[in-house]
2 protein chains.
Amino acid sequence: MEVADRIGRAGATLTPAERRVAEVVLEQPQLVAFGTVADLAEASASGAATVVRLATKLGFDGFTGLQASVQHALANQLRPAAERIREPAASDAISRHLQLEVGNVTTTLTSLSDEALAAVVARLSDTTGRVLVLSGDASLGVAQQLVSELCSLRDGVLLVDGNDVAVRRTIALAGEGDVLVVLDLRRYDRWVVEGARAASAQGVWCVAVTDSLLSPLASLAEHTFTVAAAGGGPFDSHVGTLALANLLVAGVADRLRAQAADRLDRAEAAWRAAESLVDR
Amino acid sequence: MEVADRIGRAGATLTPAERRVAEVVLEQPQLVAFGTVADLAEASASGAATVVRLATKLGFDGFTGLQASVQHALANQLRPAAERIREPAASDAISRHLQLEVGNVTTTLTSLSDEALAAVVARLSDTTGRVLVLSGDASLGVAQQLVSELCSLRDGVLLVDGNDVAVRRTIALAGEGDVLVVLDLRRYDRWVVEGARAASAQGVWCVAVTDSLLSPLASLAEHTFTVAAAGGGPFDSHVGTLALANLLVAGVADRLRAQAADRLDRAEAAWRAAESLVDR
DNA sequence: ACTGGTATGGAACGAACGTTCCAACACTCA
DNA sequence: TGAGTGTTGGAACGTTCGTTCCATACCAGT
């Protein structure tokens, strides 16, 4: 830290009161970043003037300069790992994409809460109701991946898709026991938002996977997962979204272990009988 | 974060200007913790009064209360990891998945040669031929994502799918100028392998995206990309595959910049005319 | 004991800040 | 088209903060 260096360098020339202040600065940087001169003076049992004198003696432009330095240090420290990694600065396209996608996965998975995850997995594992998945056009493939894998684990999972008539009918037939997973990022597809709104109004339990808590989908949902989708090309990246989907699928598989294993075995038997799968 | 919860809860009742402020609060919490009302107002292109109104609408005691909340959240976040682990703590399942998926992306993108990538992107950007995408059932969603995005950039991209009759006809009609992207992981779908073999025999230029150089698909293809697909649940993870697909799409977009931009503009105009997309 | 120099914190000053009020504006509905 | 409602940002107000000044306390050397 910039400040620590300066304190170390000037350490010998500090007066007793200044030294007490410096110790507080090193041990409670939050107090410097968020607090005032008076706060620091009280914490170090000294006067406000001593605090300012220390700051100038360290070469800062008054307490304001000291505070700014500590704030910058803290801001760097709590920047997402994804951004900090960027410092080596990738030159070629591949490593730039690598950093981008790793950042998407990291941000998406670290910003999600255990409680929300557990609650959503529990509902997705409840086979008394159906699971509807509604997705914007841009993320349709990822949604299909989620549906396909959930279908392998349990009954009653379907992608809400097709034309306007079919979509509205499907949603109209959804009931209170059902779950709607709605997936869309900014520049939301209007029909997706309207569909989710209709479902929510009917008492369907909604989960939103979207880009921001300010998404129109977030306000409809019981739980919202925000995904990072920084893309290197003209489109959003759904890598983070897919990682989240995998996490949900794994959770459901874990909860439905017995039934799911049975289902997978039956499919396996059918494939074996038809020799649908080959090893090489 | 406390603030994020409140924003998510009140999200629907926010006015446009308040929403802009809320976005800045979520994306740049440092600005709230270290900055002033005026800073936030400037960053969100709104007035100071709007900032204060948002804070009170969220249930805080003015901007001061909002700032204190963000400061506490930040202070908790930057406490030594040793202390942080003790808290609610992200569950083991999440961080295990995180490592897994980051590993998939990293392995997939780093084991990629520049030359192969450039060659494949060049062929995918060649609009004199078509691009066929053939995928195993397990990765169909990712394939669809690739097709959908390539379709936005150029003509003549199609997913080879449907029943046996349709698939064989589509492949039979493919010629030497066409490119086949074949995507499948171990326990290969027989029909995919057969389809790729048929296409290759007809002189179609093939790219394989698969799990190993020993895959039956690799021997048919001009270029093979191996993807890492370690999954935490019962299924393979296609996160690495999707990251690769994004890289290909970005490359094509770059090479076809002019035409692609025109296509995207036309789509944009159609969406605008129909108001298909909404911002909130 | 006295003196010169330093260290220290209280108090006053000026600047910056958060808050509140209000006029202008945009939008909706009749 | 006009009335009414809700939204927005500018400006004034009172407060808090950082800074500076200065009287007091402390210490070492004579």
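Residue numbering restarts at 1 for every chain, and letters A, B, ... go by the order of the sequence lines.
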Original post:
What pairs with B:Q99 under side-chain contact (heavy atoms from CB on, under 4.5 Å), at least two apart in sequence or on another chain?
Top reply: none
Original post:
Sequence neighbours excluded, which residues qualify as side-chain contact (heavy atoms from CB on, under 4.5 Å) partners of A:S125?
Top reply: A:V121, A:V252, A:R255, A:L256
**OP:** Using atom NZ of B:K57 as one end and atom P of D:dT8 as the other, report the distance to the nearest whole Å.
**Re:** 8 Å
Original post:
Between C:dA16 atom C1' and B:F34 atom CZ, what is the distance in whole Å?
Top reply: 19 Å
Original post:
Counting any heavy atom closer than 4.0 Å, what does A:A45 reach on the DNA or RNA strands: base, sugar-phosphate only, or nothing?
Top reply: sugar-phosphate
Original post:
Got a sec, which residues hit side-chain contact (heavy atoms from CB on, under 4.5 Å) with A:T128, two or more places apart in sequence or on another chain?
Top reply: A:D126
Original post:
Roughly, in whole Å, what's the span from CG in B:L40 to P in C:dA16?
Top reply: 19 Å
Original post:
Which of residues 7-24 of chain B have a heavy atom under 4.0 Å from DNA chain D?
Top reply: B:T15, B:P16, B:A17, B:R20
Original post:
By ring pair (Phe, Tyr, Trp, His ring centres under 6.0 Å), which residues pair with B:F34, not counting sequence neighbours?
Top reply: A:F34
Original post:
CD of B:Q67 versus P of C:dG18: gap in Å, rounded?
Top reply: 7 Å
Subject >> side-chain N/O A:T50 vs C:dG9 OP1/OP2, d < 4.0 Å >> reply: yes
**OP:** For residues 171-198 of chain A, pull every pair meeting ring pair (Phe, Tyr, Trp, His ring centres under 6.0 Å), keeping only residues two or more places apart or in separate chains.
**Re:** none
Subject >> Under 4.0 Å protein heavy-atom contacts per nucleotide of nucleotides 19-25 of chain D, with B for base, S for backbone only and - for none >> reply: BBB----
Subject >> Residues forming a side-chain contact (heavy atoms from CB on, under 4.5 Å) with A:A22, sequence neighbours excluded >> reply: A:I7, A:L14, A:L54
**OP:** Using side-chain contact (heavy atoms from CB on, under 4.5 Å) as the criterion, point out the one residue from A:E194, A:R190, A:R186 that pairs with B:V278.
**Re:** A:R190
Result block: side-chain N/O donor-acceptor pairs under 3.5 angstrom for residues 223-236 of chain A, not counting sequence neighbours:
none

